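Encoded as structure tokens, the structure appears first; notes follow it.
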Protein chains: 2
Amino acid sequence: MLSSVEENYLKYIFQLSEYSVNGVVKTNDLAYKLEYSAASVTDMLKKLADKKLVSYKKYYGVSLTKSGQQIAVHVLRKHRLWETFLVKKLKFTWDKIHDIAEQLEHIQSDELIDKMDEYLGYPKFDPHGDPIPNKNGTISVPNVICLADAKLKKTYLLANVNDDSAAFLKYLNKIQLQLGDKLRILEKEEFDETIRIAVNEKQQYVISREAALNMFVKESK
Amino acid sequence: MLSSVEENYLKYIFQLSEYSVNGVVKTNDLAYKLEYSAASVTDMLKKLADKKLVSYKKYYGVSLTKSGQQIAVHVLRKHRLWETFLVKKLKFTWDKIHDIAEQLEHIQSDELIDKMDEYLGYPKFDPHGDPIPNKNGTISVPNVICLADAKLKKTYLLANVNDDSAAFLKYLNKIQLQLGDKLRILEKEEFDETIRIAVNEKQQYVISREAALNMFVKESK
DNA sequence: TAATTTTTTTAGCTTTGACTAAATTTTATT
DNA sequence: AATAAAATTTAGTCAAAGCTAAAAAAATTA
Ligand SMILES: [Mn+2]
Ligand SMILES: [Mn+2]
Ligand SMILES: [Mn+2]
Ligand SMILES: [Mn+2]
């Protein structure tokens, strides 16, 4: 049985490895994500390697082993099911749930999480549009692109947002943007890379590059 | 903000103080309850005293301060609301919930627990018949007596059971005893203090003293 | 290629919260 | 009251998981 701290390391290695070459994560990147010193991270990577949860090569980087990945995915599953519960059942708004789920994801009880999954009706996506791994650890990777890369004139549906900044989600609340909204790309400003969009063929907004990088869309048929 | 460990100390001091003189708890009793060495307990009591959560007098004992008691009651509130959720919503049986609630009671979010309370309809008792403190920390102490002290020939309702032994609750499951059942005291055996009861005017059972000490009843009108 | 900068690891320190063994205080028994 | 037993505290140790500063390795630049 792993500590919450170890579970967090595995979870973040998994998330960083999705955007890395060969699934290899650098010590400094992990340290930045965890908000720990690089020295602390090096220490822990050695311990996780002893437990065969990661393969770690000095000065090179770290990647998850099969069993490390299974645990990481299970933690993600717990996180996203809890977030779904908080919104669907307890009526939390999507900007308040991440920090609570960061705690709840470490509760140890397989029966609990399976009953929760059933209670929620086996949801496929969490309130931020992130896919929820199933009991076997399978994740359906949704086919989305970053709003920053969206094409001029085309129309998309907002499918996924980055959930770990409450400030960003509050901003979306303020301009009343939610998952499923139809976004038409009206203009892409070259100078500062801002994007002008029409939401549901009604309001228009200018979205900064910083915001667009946190928004993911799929093509609207 | 307190650690889970500190919260547990306060919770158990509170629970032991309910059955002690002047609310003073002895180091060894607390050590036994927490399954720690007495030396470890002494250490922690000094730390809690520094934080003004307990008053601790060497070789004499410990009791909760006002603020220590508030925290203890809040932890109990969380524990019992979570247990209620697990049974009412997730369909857990009452013998499986205590250990999970021991983890969940340390989740830090007032908004979460208040929304949970509302979601459950402000329940007054948990699945074991223990009273749930309200948001202000008020506990309605129910008027129950121990089954071991019940009077011959009288009829009672099962109102409360000790919840921290799954084995005991499984035994109640087996003989199909549940909260609210009508218990008539048919016979009290002096030799070994077993009690023969009729349940809902149907089945009869012989209850050992050990079991009776874990069951609490109220008078049936 | 050599020098410099950046990244990573090592070494040594800290806090939390356990433990055991020994010392002390309190309580019980002769 | 003296002694023995029980309860409690003190002293010293350990593991987990963080930290900073210094050393070493890798990457970049001159
Ligand atoms: Mn999240
Ligand atoms: Mn999410
Ligand atoms: Mn319980
Ligand atoms: Mn209970």
Side-chain angles (χ1 to χ4, degrees), chain A residues 1-13 16-17 19-64 68 71-72 75 102-103 105-106 108, chain B residues 1-13 16-17 19-64 68 71-72 75 102-103 105-106 108:
Chain A
M1 188 123 303
L2 298 187
S3 69
S4 299
V5 170
E6 292 169 310
E7 285 192 337
N8 274 333
Y9 271 91
L10 297 177
K11 182 183 65 169
Y12 286 123
I13 293 168
L16 289 175
S17 71
Y19 301 94
S20 78
V21 274
N22 283 331
V24 175
V25 173
K26 309 296 279 183
T27 301
N28 263 5
D29 294 344
L30 188 52
Y32 179 80
K33 191 89 176 172
L34 285 160
E35 299 182 77
Y36 291 153
S37 73
S40 302
V41 170
T42 300
D43 273 1
M44 180 58 88
L45 293 182
K46 286 191 270 187
K47 290 179 200 165
L48 294 174
D50 289 346
K51 296 186 179 185
K52 313 277 186 212
L53 297 167
V54 302
S55 31
Y56 165 62
K57 217 166 86 192
K58 253 194 193 182
Y59 292 103
Y60 171 72
V62 69
S63 58
L64 293 175
I71 293 165
V75 175
E102 286 292 314
Q103 300 178 62
E105 73 189 3
H106 302 296
Q108 302 287 355
Chain B
M1 188 124 302
L2 298 186
S3 70
S4 298
V5 170
E6 292 169 311
E7 285 192 337
N8 274 334
Y9 271 91
L10 296 177
K11 180 183 66 170
Y12 285 123
I13 294 168
L16 289 175
S17 70
Y19 301 95
S20 78
V21 275
N22 283 331
V24 174
V25 173
K26 309 296 280 182
T27 301
N28 262 4
D29 294 345
L30 189 52
Y32 180 79
K33 191 87 176 176
L34 285 160
E35 299 182 80
Y36 290 153
S37 74
S40 303
V41 170
T42 299
D43 273 1
M44 179 58 88
L45 293 182
K46 287 191 270 187
K47 291 180 199 165
L48 294 174
D50 288 345
K51 297 187 179 185
K52 312 279 187 211
L53 296 168
V54 303
S55 30
Y56 166 62
K57 217 166 86 191
K58 255 194 192 183
Y59 291 103
Y60 170 73
V62 69
S63 58
L64 293 175
I71 293 166
V75 175
E102 286 291 314
Q103 301 179 61
E105 72 189 3
H106 302 296
Q108 302 287 358

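A quick note: this is a predicted structure, and the numbers were derived from the prediction, not measured. Convention: sequence-line order gives letters A, B, ...; per-chain numbering from 1. Values below: every heavy atom of this structure, side chains too, minus hydrogens, waters and symmetry copies.
Residue-level contact check: B/Y32 touches neither bases nor backbone, having no heavy atom under 4.0 Å from any strand. Counting non-hydrogen atoms under 4.0 angstrom, B/S37 reaches a base of the nucleic acid. Nucleic acid contact class of A/T27 (heavy atoms, under 4.0 Å, all strands): sugar-phosphate only. Among the protein residues, A/Y60 comes within range of no part of the nucleic acid, since none of its heavy atoms lies under 4.0 Å from any strand.
For B/N28, whose side chain is taken as the heavy atoms from C-beta onward, the closest listed nucleotide among D/dC19, D/dT9, D/dT8 is D/dT8. Closest contact between the side chain of A/Y59 and the listed nucleotides D/dA7, D/dT20, D/dA26 involves D/dA26.
Not one side-chain nitrogen or oxygen of A/K58 sits closer than 4.0 Å to the OP1 or OP2 atom of D/dA24. Between B/K26 and D/dT8, a side-chain N or O to OP1/OP2 separation shorter than 4.0 Å is present.
Put simply, the residue from A/K33, A/E6, A/E105 that forms a side chain to side chain contact (heavy atoms under 4.5 Å, CB included) with A/K11 is A/E105.
You can see that DNA chain C meets the heavy atoms of chain B within a 4.0 Å-exclusive cut from C/dG17 to C/dT26, reading 5' to 3'.
Both A/Y56 and B/S3 sit near DNA chain C, but only A/Y56 has its closest nucleotide nearer the 5' end. A residue-by-residue look at A/S4 and A/A39 shows that A/S4 has its nearest nucleotide of DNA chain D further toward the 5' end.
As a whole-Å value, the separation of A/L34 CG from D/dC19 C1' is 15 Å. Atom pair A/D43:CG and D/dA15:P shows a separation of 15 Å (rounding to whole Å applied). Residue A/L45 contributes atom CG, which lies 13 Å from atom P of D/dA17 at whole-angstrom precision. Following rounding to the nearest Å, B/L30 (CG) and D/dT8 (P) show an atom-to-atom distance of 10 Å.
Side-chain contact between A/V75 and A/L10 is absent, with no heavy-atom pair separated by less than 4.5 Å. Proximity of A/K57 to A/V24: side-chain heavy atoms (C-beta onward) are nowhere separated by under 4.5 Å.
Between the side chain of B/K26 and the backbone N or O of B/Y60 there is at least one donor-acceptor pair closer than 3.5 Å. The backbone N or O of B/Q108 sits less than 3.5 Å from a side-chain atom of A/Q103, completing a donor-acceptor pair.
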Practice item. Any chance you could lay out the side chain to side chain contact (heavy atoms under 4.5 Å, CB included) test for B/L64 and B/V25, step after step, and finish with the verdict? Key: CA-CA 9 Å; B/L64 293 175; B/V25 173; over 6 Å; no
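Heavy atoms of other residues, nucleotides or ligands lying less than 6.0 angstrom from CG of A/D50 number more than 12.
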